Q: 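Here you go, one structure.
Numbered from 1 within each chain, the chains take letters A, B, ... in sequence-line order. Here the structure is a predicted model, which is why all the values come from computation and not from measurement. Values below: every heavy atom of this structure, side chains too, minus hydrogens, waters and symmetry copies.
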Amino acid sequence: MNRKNSNKSRNPNKPTLAFYFLRALACINKKTSMASYNQRSGTIKRAAYASMALAAGPKRAWSRAVLCRVLWWGSSRLHGFPTRRRPRAFFHRRVRVADPKLREPSKADVLRRLVPGAKAMDLSRLLEETAHYIQYLRAQVLLMQNVVGSVSD
Amino acid sequence: MEPTRSSDAGSGNSGTYTPEIAESIRFEEEIQSLMRENTMHPGLEPPPVGGGGSSFTALLGLPANQAVELLHEPESEESPAVAIASASGGEMWRFRLRDPKALTLPSGCSPTFPSNAALVERAARLSVFATEDSPEAASVPSHSGDRSTKPKAEPADSDSQPICPIPGERPQRPAKRKEADKGNKVKGPAKKTKSAEEGSAKGAEENTSGSGEKLPYVHVRARRGQATDSHSLAERARREKINARMKLLQELVPGCSKISGTALVLDEIINHVQSLQRQVEVLSMRLAAVNPRIDFSGLDSFLSAECGRVTVGDGRCGGGMEQSAWMEATAVNEGRRQQQQIWHVDSVHPHPTPSVWERVDSPHLFINPGTSLFGYDPSNSASLHSNQLKTEL
């Protein structure tokens, strides 16, 4: 599966990304047109992350974590459902490999906070997830720029 | 006569294993008689019959001419046994030369050479034997596989290695333990090579340490002058893995390839991720501001038509299905409702908006009729919209 390090398997599916995101946008446009601007922007942001995670697939840890987070957001905010447990606690595993030799604990911690779902990973896995995450983030940003550009023209 | 007899003996022995064990004692006597014969032979030095495998290795120090002479020794019917266990290693070589298919090792044949079976088995596995027939290699392990006494891999390697190039070379190579590396190099077995003589020149012939990320476990070859205990090997593999990933990240993040040093590269990566996330937020705010003006009506029909059918064709047609399965599996009950809340498309409108699709550079799409995401039913105008999609892209 490294196999999974091949670029071919890692390139984000732009049509799939666009598909999910646009569908989300259409729905948001319909449902929350009466909502406030801030609420709408928050929802759109969540939709963006969710579509990114959907396009990435369940194989990546960050996509699973993002989706759980999004669902938790949605359930807590949009409909006021009391969540039985926070999805974050579900993913928190206290096992963390200590790597004193690599002298990057602080930066790796920052990265762990940034990349979703990367809290309990060793460094190599963290780097891999970061690379994947960056690819999808970039694709998502491009897509949103396209949408905004096409709409505002 | 000799070839026929050897072939007969070979064919007789090739298929049977237990009769050889039963005859091993008889073989020993024949061997010793032959050895006595060898000692009486002019110009032939008696190989010192020491203990265990050392005698076997000592006999390999025989010069080639003696080996050739031994080739013409009068043979008994137990020629295979003689070939293996006798002082005349030439017997075995001759046996191999004449009838390579039937090199069978009567594994219980001599107590003085306990490592015979494993040695020959090892030799059979090495690539020199690969030049000969595969049945030979197959027959030898099958016969010696039942041996209860399995000597260690290292001395077996070292001892068997000199046997192998016999037909082509002189058996002059001293059977040192250090030949383990050579033996490993010849075959390249899938195991960690940690020999104590890594520092020596022979051990460092392959100067690459391959950390096998593709393989189930790491194949590492220690470099010259580096520590070889398992901890440092594992750490080195891990470090190389991390370095490879860092290199990938450097390529991904623009402007990072010039920077050297892990800390700075990590800083750049962190900055990049943060900037991307900030961009997402800004763009979402802009979209929220713009959203009321967007005519998504055309998109609705388009999306609802395509959602059940389109998966992207870059070779992963199972991707869509697994996504749908994944969504089913991971959704909590209220979560599922939320998803469908967020992504449910209610109404169907006639015309799609092609502009957004055009800007997105896409590979070729193909229709996968099997997938149905979120349990949507494709609408009536599905085919029409799919055609439109194809024409646009």
Side-chain angles (χ1 to χ4, degrees), chain A residues 2-3 5 13-16 18-20 22-30 33 37 40-41 44-45 47-48 50 54 57-58 64 67 71 74-75 78-79 81 101-102 104 107-108 110-111 114-115 123-124 127-128 130-131 133-135 137-138 140-141 143-148 150-152, chain B residues 213-214 238 241-242 245-246 248-249 252-253 262-263 266-267 269-270 272-274 276-277 279-281 283-294 296 299-300 303 306-307 310 312 314 319 322-323 326 330 332 334-335 338-339 341-346 355-357 359-362 365:
Chain A
N2 274 46
R3 66 217 180 189
N5 273 344
N13 259 337
K14 295 208 178 141
T16 318
F19 171 60
Y20 286 131
L22 291 172
R23 195 167 55 182
L25 276 187
C27 171
I28 290 170
N29 196 27
K30 227 173 295 295
S33 51
Y37 167 74
R40 243 200 342 256
S41 71
I44 289 179
K45 187 178 82 162
L54 267 187
R64 291 192 292 263
L67 225 45
L71 295 179
S75 69
L78 284 185
H79 287 267
F81 275 115
K101 293 204 173 122
L102 288 177
E104 312 150 352
K107 306 221 177 64
V110 173
L111 205 50
L114 282 182
V115 176
L123 193 58
S124 65
L127 292 178
E128 189 181 343
T130 311
Y133 186 56
I134 287 178
Q135 272 185 320
L137 261 183
R138 188 179 295 163
Q140 180 70 35
V141 164
L143 171 68
M144 288 171 81
Q145 279 172 347
N146 279 338
V147 170
V148 171
S150 72
V151 163
S152 58
Chain B
E213 298 189 60
K214 304 176 186 113
R238 182 173 156 265
K241 211 165 137 185
I242 288 181
R245 304 246 162 100
M246 287 286 291
L248 281 175
L249 268 176
L252 213 49
V253 176
T262 330
L266 270 187
D267 276 340
I269 292 170
I270 289 173
H272 190 66
V273 169
Q274 280 172 337
L276 280 175
Q277 283 176 338
Q279 272 180 326
V280 167
E281 192 151 348
L283 282 170
S284 76
M285 279 174 19
R286 285 179 67 184
L287 266 181
V290 156
N291 221 7
R293 296 203 290 117
I294 301 178
F296 275 110
L299 265 181
D300 290 349
L303 292 170
E306 295 302 323
C307 72
V310 172
V312 184
D314 59 351
E322 86 184 23
Q323 277 178 1
W326 171 46
T330 60
V332 190
E334 53 257 27
Q338 291 315 309
Q339 290 166 23
Q341 196 70 37
I342 293 176
W343 290 298
H344 183 72
V345 177
D346 292 336
S355 60
V356 179
W357 288 97
R359 285 188 205 217
V360 176
D361 49 12
S362 64
L365 298 170

Q: Out of B:Gln279, B:Glu281, B:Gln277, return the one with the most heavy atom pairs under 4.5 angstrom to chain A.
A: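 Top option by heavy-atom pairs under 4.5 Å: B:Gln277.
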Q: I need the residue from B:Ile269, B:Val253, B:Ile270 with the largest number of non-hydrogen atom pairs under 4.5 Å to chain A.
A: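 Top count of heavy-atom pairs under 4.5 Å with chain A: B:Ile270.
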Q: May I ask you to name which of A:Val115, A:Val148, A:Leu114 has the most heavy-atom pairs under 4.5 Å with chain B?
A: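 Option with the greatest count: A:Leu114.
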Q: If every non-hydrogen atom of A:Arg138 is compared with every non-hydrogen atom of B:Leu252, which pair is closest and at what distance?
A: NH2-O, 2.8 Å
Q: Which distance, rounded to the nearest 0.5 Å, do you find between the NZ of B:Lys241 and the CG of A:Leu123?
A: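 B:Lys241 NZ to A:Leu123 CG: 11.0 Å, rounded to 0.5 Å.
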Q: Show the nearest heavy-atom pair for residues B:Ser284 and A:Met144, with the distance to one decimal.
A: N-CE, 3.5 Å
Q: If you round to the nearest 0.5 Å, how far is CD1 of A:Ile134 from CG of B:Leu248?
A: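 Rounded to the nearest 0.5 Å, the CG-CD1 separation comes to 11.0 Å.
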Q: Tell me the closest heavy-atom pair linking A:Ser124 and B:Arg245, and the distance in Å.
A: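 Closest approach of A:Ser124 to B:Arg245, heavy atoms only: O-NH1, 3.1 Å.
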Q: Just verifying a value: how many Å separate B:Leu287 CG and A:Gln145 CD, rounded to the nearest 0.5 Å?
A: 10.5 Å
Q: Could you measure the distance from the OG1 atom of B:Thr262 to the CG atom of A:Leu127? Nearest 0.5 Å is fine.
A: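 Nearest 0.5 Å value for the OG1-CG distance: 10.0 Å.
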Q: Could you report the tightest heavy-atom contact between B:Val280 and A:Leu137, atom names first, then the distance?
A: CG2-CD2, 3.9 Å
Q: Which heavy atom of B:Leu283 sits nearest to which heavy atom of A:Val141, and what is that distance?
A: CD1-O, 3.6 Å
